[in-house]
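In what follows, every chain begins at residue 1, and chains take the letters A, B, ... in the order their sequences are listed.
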2 protein chains.
Amino acid sequence: MALRTISAKNAAALDKDLMSVGAYSLDQLMELAGLSVSQALYRVHPPSKGRKILVACGPGNNGGDGLVAARHLFHYGYQPTVYFPKKTGNELYERLTTQLKNLDIPFTEDFENMLKTTNHVIDAIFGFSFSGEVRDPFKEVIIAMENTKVPVLSVDAPSSWSIEDGPPESGPGAKFMPATLISLTAPKPLVKHFTGTHFVGGRFLPPSVAEKYDLDIPDYKGVDQVVEVGVSK
Amino acid sequence: MALRTISAKNAAALDKDLMSVGAYSLDQLMELAGLSVSQALYRVHPPSKGRKILVACGPGNNGGDGLVAARHLFHYGYQPTVYFPKKTGNELYERLTTQLKNLDIPFTEDFENMLKTTNHVIDAIFGFSFSGEVRDPFKEVIIAMENTKVPVLSVDAPSSWSIEDGPPESGPGAKFMPATLISLTAPKPLVKHFTGTHFVGGRFLPPSVAEKYDLDIPDYKGVDQVVEVGVSK
């Protein structure tokens, strides 16, 4: 089953709706988004496959989802390490960081070195608001993810990909194909270029909002916050 | 396995710790607590047993957990109805209420009448901060829960029970024994009077906080937010 996609512009409008008329706080949405990410990671890489997870977090909401996911992974018995080089001083991210530090979860400044002893990577660098060029320090990180044999799970978008058009024609990310992608709320148009395992997460979309944006609510099972869905070719 | 219990006084101090040095927002904690409640309900009463769930919410944080649980139950395919008679005007509860209304979840003012067509009740009236006497309108609700054959899941405490000493000697709640209890973070001393199915939820307790309050972190499985545990006799 392939789901209808949402453009970057509409994804931003949808988030705004959820936090205005929807009455959600960013805290709540990020908690549920990060929980979905952690459940997708568990599905493709249970702790028995190796507990060392490197979570790369960008400066925006995508990075926040990564910070939340790292915390849940700790409680599932993983040993996450967080790469979060661009701290913005934002109060919510400060709190999410403190929550991780209270669990003695290590932070690293050296993604490439840490990658050598990692079993799985979470790419929470850029999400649906990304456009343009990748700048340092993330350029090196994307090149490292592109070339490593360690499997990567990307959150909402493989970082460096255009949300509408997929991988860049050249430069960092042109050959980046993560093993797993989790689309939050709905897949973005880039999904048609993706050939790995695809999940949808974010089991909080009100039917009225799905209808407004012409989206499908996927067929989640039981109490799962994620569901594996096909990608359209 | 019986777990160590936490007193009402320490449960309040622990919550305060989580929201100060722990850097959690009440939004976050309530989201995770309510999610645990919804998962416990699913375990004892999957949708195939009947989708009509009546969620009774008190005026405090226990009621807030009920509001969150009702929302998750909707997304699992249940048809929740919410009884929430004592709205306080608190901003968080206003938002949680709006989130339910945006899903067209009905609110009822008549618990007893609604009970007649309900498959399962969630008792989120009073939690660990309860003491003293039950007042209207909750007195009638507790008597109804005490006498109904509809199964009840209580959140943190069967409402009307003393947190330390269990059921009152006489009056409303003296014979109230819900089928299921979910203890959030850790069981309260009343658990030794409880004879039904017991879950622990709230998979976010940092080991350092568990240690400070002399608590066990139960053996959660997979990505579950709840685990069934025995009760000490």
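Residues B/F176 and B/D123 have side chains in contact (heavy-atom distance under 4.5 Å, counting atoms from C-beta outward). Residues A/L96 and A/K101 fail the side-chain proximity criterion, which asks for heavy atoms closer than 4.5 Å.
Scanning residues 33-52 of chain A against chain B with a 4.5 Å non-hydrogen threshold yields A/L35, A/Q39, A/Y42, sorted by number.
Of the atoms belonging to B/V68, not a single heavy atom falls under 4.5 Å from chain A. Contacts of B/L32 with chain A are made by side-chain atoms alone, with heavy-atom separations under 4.5 Å and no backbone atom involved. Neither the backbone nor the side chain of A/L92 comes within less than 4.5 Å of any heavy atom in chain B.
Of the possible polar contacts, none joining the B/N61 side chain to the B/G64 backbone as a donor-acceptor pair under 3.5 Å is found.
In terms of heavy-atom pairs under 4.5 angstrom with chain A, the leader among B/S25, B/P207, B/G77, B/P206 is B/S25. Across A/Q28, A/M30, A/E31, A/Q225, the residue that shares the most heavy-atom pairs under 4.5 angstrom with chain B is A/Q28. With chain B as the partner, the residue from A/N102, A/T98, A/L73 showing the most heavy-atom pairs under 4.5 Å is A/N102.
Remark: of the listed residues B/F84, B/F130, B/F126, B/F126 is the sole one forming a ring pair (Phe, Tyr, Trp, His ring centres under 6.0 Å) with B/F138.
Checking A/Y78 against A/N119 by side-chain atom types alone, no donor-acceptor pair falls below 3.5 Å.
Partners of A/D15 according to the salt bridge (charged side-chain N to carboxylate O under 4.0 Å, His left out) rule, which considers only residues two or more places apart in sequence or in another chain, do not exist here.
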B/H198 and B/L181: side chain to side chain contact (heavy atoms under 4.5 Å, CB included), yes or no, with the steps?
CA-CA 5 Å; B/H198 180 227; B/L181 171 68; 3.9 Å; yes
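In terms of heavy atoms, A/C57 sits closest to A/P85 at O-CD, 3.7 Å.
For A/D224 and A/R203, the salt-bridge test fails: no basic side-chain N is under 4.0 Å from an acidic carboxylate O.
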